[in-house]
Amino acid sequence: MESVKLSSMAPKKSKFARTVSKVLHLRTASGIAPEDDVQKLKSQEKFNDGEIGGKRTVSRPESLSTKSDEKYRKNNLGVEALVAKLFATISSAKAAYAQLQCAQSPYDVDGIQAADQLVVTELKNLSELKRRYNRKQFDPSPGTALVLAEVEEQKSVCKTYEIMGKKLESQLRLKESEIMYLEEKLEESKRQNQSLEMRLNQSGQLYVLDNLRRSGLSPSHFVAVVQFTVKSIRTFVKLMIDQMRTAGWDLDAAANSIVPDIAYWRADDKCFAFESFICREMFDAFNIPNFGLSNVSLPEKSNLQQFFFKRFTELKSVKAKDYLTQHPTSTFAQFCRAKYLQLIHPRMEASFFGNLQLRTLVNSGELPDNTFFTSFAEMAKRVWLLHCLAFSFEPEASIFQVSRGCRFSEVYMESVAEEALVSAYNSYETDPPVAFTVVPGFRIGKTVIQCEVYLCQTETKLNH
């Protein structure tokens, strides 16, 4: 308990001591000595003023030392103010130089001259500061000069940032202009590539079938037309996928809706799902002579091969667009319209073009002047030619495809991805299973044209 009392008394003593100390300090600073020390100070003055050794000595007053310290302090403040002015002037020079650089691009004569004059002025100011320092000519009000110098420095720094910000904005606008230009060039290149592909596909003539007679038909001729057709299908698939991307489609979801639960070997392999869908729709009813068209009259069976071969001959060297323009009511025109309406869903067309105008024109029997439809018509023409040639054989060629889960056979199938075939063989003890058919196969007598298939991964579910 006693310790507590002592500790509680400590603050009172401490407070008193601090008060006394302040008073003594105040008296010392003001030159007023305590009363007890007055006599001592007077006697000391007398002693100092007396003669020592026959000589009169005078002590140095304490006020002279105080004046010397005050002068030293003012000199220090003057140097600080001068250094602050130096930094402020350097910042101003940097801002002027940044302004000079900004005026050079884009080239501005007046801006360059004004900025150059500012740079020269600030260099002169630096020279003047050097002269003042060498001559010890400091500002009479160093405190005020110090604050003003700091303010000027901050203004110059802000001005430099403002100039650099404008320069960066200008560079940004320039880059945006370059991006827009490059995007336009890219779109132009895409259009040129599509045009070249269409011209290549349309002008790719079946030279091996020139001057061909029906009696000279062989499976090799049919193989050539199959390759000719598949090439056009893949061109259209690429165009359709590009349209999907432009319209913001989820390609993964679209591919999964065509062939569900497939673990693809590569991300780009999803294009085979779209190719499979187009082949399935375009080759639908391929084994039927009228190709699924109603109100189509066919000749007697004995004249059927000659009839289809004639159709093949008259269309194979003509562009699809030209033939449709010249024969808008022909059987091929009916086939083209029917397959377009079957393959291209209204919602798909609306997402691609923002309306159903293309569909309306096709329904009315007109020929749309559209790159998408022109590519489709060329693909439809080649499928039509393949059908005509298939029924030109005796017996006619037939089409086939394999079901999901069937074991891969090199006799009837061909893998669309060789690396997938190698990996599949490494993953399965027996022949790997098929995920889906991409391009159907054909039989002509004893000749088999392999279908193209996509093989499964172990994660793919086969129970669908």
Side-chain angles (χ1 to χ4, degrees), residues 97-112 115 159-204 230-256 258 264-275 277-278 319-321 343-345 347-359 361 368-379 416-417 419:
Y97 185 70
Q99 185 175 347
L100 178 63
Q101 287 183 318
C102 189
Q104 290 176 350
S105 179
Y107 192 78
D108 181 7
V109 178
D110 296 335
I112 290 174
K159 184 177 181 181
T160 303
Y161 286 139
E162 182 181 354
I163 293 171
M164 295 307 298
K166 290 181 179 179
K167 185 175 181 180
L168 290 175
E169 288 178 358
S170 177
Q171 292 177 351
L172 177 62
R173 288 193 294 269
L174 180 62
K175 293 297 182 183
E176 288 176 348
S177 300
E178 290 179 359
I179 290 172
M180 292 178 61
Y181 173 75
L182 292 175
E183 286 178 346
E184 291 176 358
K185 295 290 290 183
L186 178 62
E187 291 298 324
E188 183 181 354
S189 298
K190 285 182 178 180
R191 288 193 296 268
Q192 290 178 355
N193 288 338
Q194 291 177 359
S195 177
L196 289 174
E197 286 180 0
M198 290 179 58
R199 288 172 58 187
L200 179 62
N201 292 330
Q202 292 173 0
S203 61
V230 171
K231 183 178 179 181
S232 179
I233 289 173
R234 286 178 176 155
T235 299
F236 182 75
V237 169
K238 183 180 178 181
L239 177 61
M240 188 177 74
I241 292 176
D242 288 342
Q243 292 285 353
M244 288 179 173
R245 286 198 179 99
T246 303
W249 280 47
D250 186 344
L251 296 182
D252 293 341
N256 189 64
I258 297 171
Y264 292 94
W265 295 94
R266 297 180 308 172
D268 293 341
D269 288 350
K270 294 180 180 66
C271 65
F272 293 122
F274 298 105
E275 187 175 339
F277 167 73
I278 290 177
K319 293 181 181 180
K321 186 176 181 180
L343 179 67
I344 308 301
H345 194 275
R347 284 186 295 180
M348 177 187 290
E349 182 179 316
S351 68
F352 287 176
F353 310 111
N355 54 57
L356 298 177
Q357 184 177 3
L358 198 64
R359 195 176 194 84
L361 291 174
D369 186 13
N370 178 278
T371 302
F372 185 78
F373 182 80
T374 302
S375 180
F376 168 82
E378 182 61 28
M379 176 185 66
V416 291
E419 65 274 13

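Sequential numbering from 1 along the given sequence is applied to the chain's residues. Here the structure is a predicted model, which is why all the values come from computation and not from measurement.
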**Q.** Side chains of K321 and D369 in contact at under 4.5 Å (non-hydrogen atoms)
**A.** yes
(Q) Donor-acceptor pair, distance only, cut-off 3.5 Å: does the side chain of R359 make one with the backbone of I344? (A) yes
Q. What closest approach, in Å, do A320 and A377 show between heavy atoms, and which atom pair accounts for it?
A. CB-O, 3.5 Å
Q. Would you say N355 has more than 12 foreign heavy atoms packed within less than 6.0 Å of its CG?
A. yes
Q. Between atom CD of E184 and atom OH of Y181, what is the distance when rounded to the nearest 0.5 Å?
A. 9.0 Å
(Q) Does I233 form a side chain to side chain contact (heavy atoms under 4.5 Å, CB included) with E275? I'd like the steps, not just the answer. (A) CA-CA 7 Å; I233 289 173; E275 187 175 339; 4.3 Å; yes
Q | Spatial distance of atom CD (Q243) from atom CD (E349) [nearest 0.5 Å] | A | 11.0 Å
**Q.** Atom of A255, atom of K270 and distance for their closest heavy-atom approach
**A.** CB-CB, 4.1 Å
Q.
Between S189 and K185 (side chain of the first, backbone of the second, donor and acceptor by atom type, cut-off under 3.5 Å), is there such a pair?
A. yes
Q | Non-hydrogen atoms of M379 and S232 that approach each other most closely | A | CA-OG, 3.1 Å
Q: Report the distance from atom CE of M348 to atom CG of L343, rounding to the nearest 0.5 Å.
A: 7.0 Å
Q. Would F373 and L361 satisfy side chain to side chain contact (heavy atoms under 4.5 Å, CB included), going step by step from the backbone distance to the final call?
A. CA-CA 11 Å; F373 182 80; L361 291 174; over 6 Å; no
Q) Any chance CD of Q171 has more than 12 other-residue heavy atoms, nucleotides or ligands included, within less than 6.0 Å? A) yes
Q: Rounded to the nearest 0.5 Å, what's the gap from NZ on K166 to CD on E169? Could you check?
A: 8.5 Å
Q: Measure the shortest side-chain to side-chain distance between K190 and D242 over non-hydrogen atoms and say whether it is less than 4.5 angstrom.
A: no
Q: Could you go through the side chain to side chain contact (heavy atoms under 4.5 Å, CB included) check for C102 and Q99 one step at a time?
A: CA-CA 5 Å; C102 189; Q99 185 175 347; 5.6 Å; no
Q: Please examine the side chains of E183 and I179, heavy atoms only from C-beta on, and report whether any two atoms are closer than 4.5 Å.
A: yes
Q. Got a second to check how far F272's CZ is from R234's CZ, nearest 0.5 Å?
A. 6.5 Å
Q | Contact summary for L358 and P368, nearest pair of heavy atoms | A | CD1-CB, 3.0 Å
Q) Would you say the side chain of T235 lies within less than 4.5 Å of the side chain of E378, judging by non-hydrogen atoms? A) no
Q) Below 4.5 Å, heavy atoms only, C-beta onward: do F376 and L239 meet side chain to side chain? A) no
Q) CG of L168 to NZ of K175: how many Å apart, nearest 0.5 Å? A) 12.0 Å
Q | For F352, all residues meeting ring-ring contact (aromatic ring centres under 6.0 Å, His included), sequence neighbours excluded | A | W249, F372
